[in-house]
**Q** 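One structure, pasted below without further comment.
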Amino acid sequence: MNIFRLAGDMTHLFSVLVLLLKIHTIKSCAGISLKTQELYAIVFATRYLDIFTNHISPYNTIMKLIFLGSSFSIVWYMRYHKIVRRSYDKDQDTFRHYILILPCLILALLINEKFTFKEVMWTFSLYLEAVAILPQLVLLQRTRNIDNLTGQYVFLLGAYRALYIVNWIYRYFTEDHFVHWITWVCGLVQTLLCADFFYYYFQSWKNNMKLQLPA
Amino acid sequence: SSNGGLKDEL
């Protein structure tokens, strides 16, 4: 495992930890899109179907369990925890996320590496992950005051995929390891969707001002 | 070599 992959995994892990910290200790999920969190739960559930059959390393298995467990517990907290759910911006979080699921599924059935159940589900998870951030970005744009933890969460989530792209380039040259073009395209789309956010995130950081996205 | 089926990333 190279440094870029590790850094990518760690930023991904930190993004989840930041979100859990906000929910668990501050008991607030203000500014967080439940729609995006539900999509991530589906992403991990469909991507890690091989978790018990395809053993790579203890590291991989533990990380998969963390991402599965955290994504489903975040959804549970936001929907059912009696204090946390009160802070959910239900009226603002209106992106109809289910309309993303069907096109991703159809695309996965049409364009995949191999037409098997596990491969199609894996490809579906890539397509869905690429666009899963959209409800969160829409909610951010509607939120007047984005708190620090929410801003950091989205930043870390975007940085994770950007670092994975650097990892793929590195692996291409050093290991002769080819990542399928589907993975490349999805990773690029996912990172580009965050690029606009990155711009405003760095601006607010540079000027030491509160993060706010233009309407 | 392609990662054909072996997904070692997360």
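All values below come from the heavy atoms of this structure, side chains included, with hydrogens, waters and symmetry mates left out. Every chain is numbered from 1 and lettered A, B, ... according to where its sequence line falls, protein lines coming before strand lines.
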**Q** I need the minimum non-hydrogen distance between Tyr48(A) and Leu10(B), along with the two atoms involved.
**A**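 Smallest heavy-atom distance, with atoms named: OH-C, 3.3 Å.
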
**Q** Assess whether atom CH2 of Trp205(A) is packed by more than 12 heavy atoms of other residues, nucleotides or ligands within 6.0 Å.
**A**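 Atom CH2 in Trp205(A) is not packed in, count stays at 12 or less.
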
**Q** How many angstroms lie between NZ in Lys7(B) and CG in Leu126(A), if you round to the nearest 0.5 Å?
**A**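 It is 8.0 Å, given to the nearest 0.5 Å.
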
**Q** Does OH belonging to Tyr199(A) count more than 12 external heavy atoms closer than 6.0 Å?
**A**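 12 or below, so no.
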
**Q** What part of Phe44(A) gets closer than 4.5 Å to chain B, counting heavy atoms only: side chain, backbone, both or neither?
**A**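 No part of it gets close to chain B.
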
**Q** Main chain of Asp8(B), side chain of Asn60(A): is a donor-acceptor contact present, judged purely on distance under 3.5 Å?
**A**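 Between the backbone of Asp8(B) and the side chain of Asn60(A) there is a qualifying donor-acceptor contact (under 3.5 Å).
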
**Q** Which of residues 4-20 of chain A get closer than 4.5 angstrom to chain B, counting heavy atoms alone?
**A**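 Contacts with chain B: Arg5(A), Asp9(A).
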
**Q** If you draw a 6.0 Å radius around CG in Leu188(A), do more than 12 non-hydrogen atoms from other residues or ligands fall strictly inside?
**A**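 Yes, the 6.0 Å shell around CG holds more than 12 heavy atoms from other groups.
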
**Q** Can you tell me which residue pairs pass the ring pair (Phe, Tyr, Trp, His ring centres under 6.0 Å) test with a partner in residues 94-120 of chain A, sequence neighbours excluded?
**A**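 Counting only pairs at least two positions apart or across chains, no ring pair (Phe, Tyr, Trp, His ring centres under 6.0 Å) contact touches residues 94-120 of chain A.
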
**Q** What residues form a salt bridge (Lys or Arg N to Asp or Glu O under 4.0 Å) with Lys35(A), not counting sequence neighbours?
**A**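 With sequence neighbours excluded, Lys35(A) shows a salt bridge (Lys or Arg N to Asp or Glu O under 4.0 Å) to no residue whatsoever.
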
**Q** Could you go through the salt bridge (Lys or Arg N to Asp or Glu O under 4.0 Å) check for Arg47(A) and Glu9(B) one step at a time?
**A** CA-CA 11 Å; Arg47(A) 182 171 306 170; Glu9(B) 291 177 347; over 6 Å; no

**Q** Quick one: which residue pairs count as a salt bridge (charged side-chain N to carboxylate O under 4.0 Å, His left out) with a foot in residues 96-107 of chain A, not counting sequence neighbours?
**A**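 As it turns out, there is no salt bridge (charged side-chain N to carboxylate O under 4.0 Å, His left out) pair with a partner in residues 96-107 of chain A once direct neighbours are skipped.
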
**Q** Counting only heavy atoms not in His81(A), do more than 12 sit closer than 6.0 Å to its NE2 atom?
**A**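 Counting other residues, nucleotides and ligands, NE2 of His81(A) exceeds 12 neighbours.
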
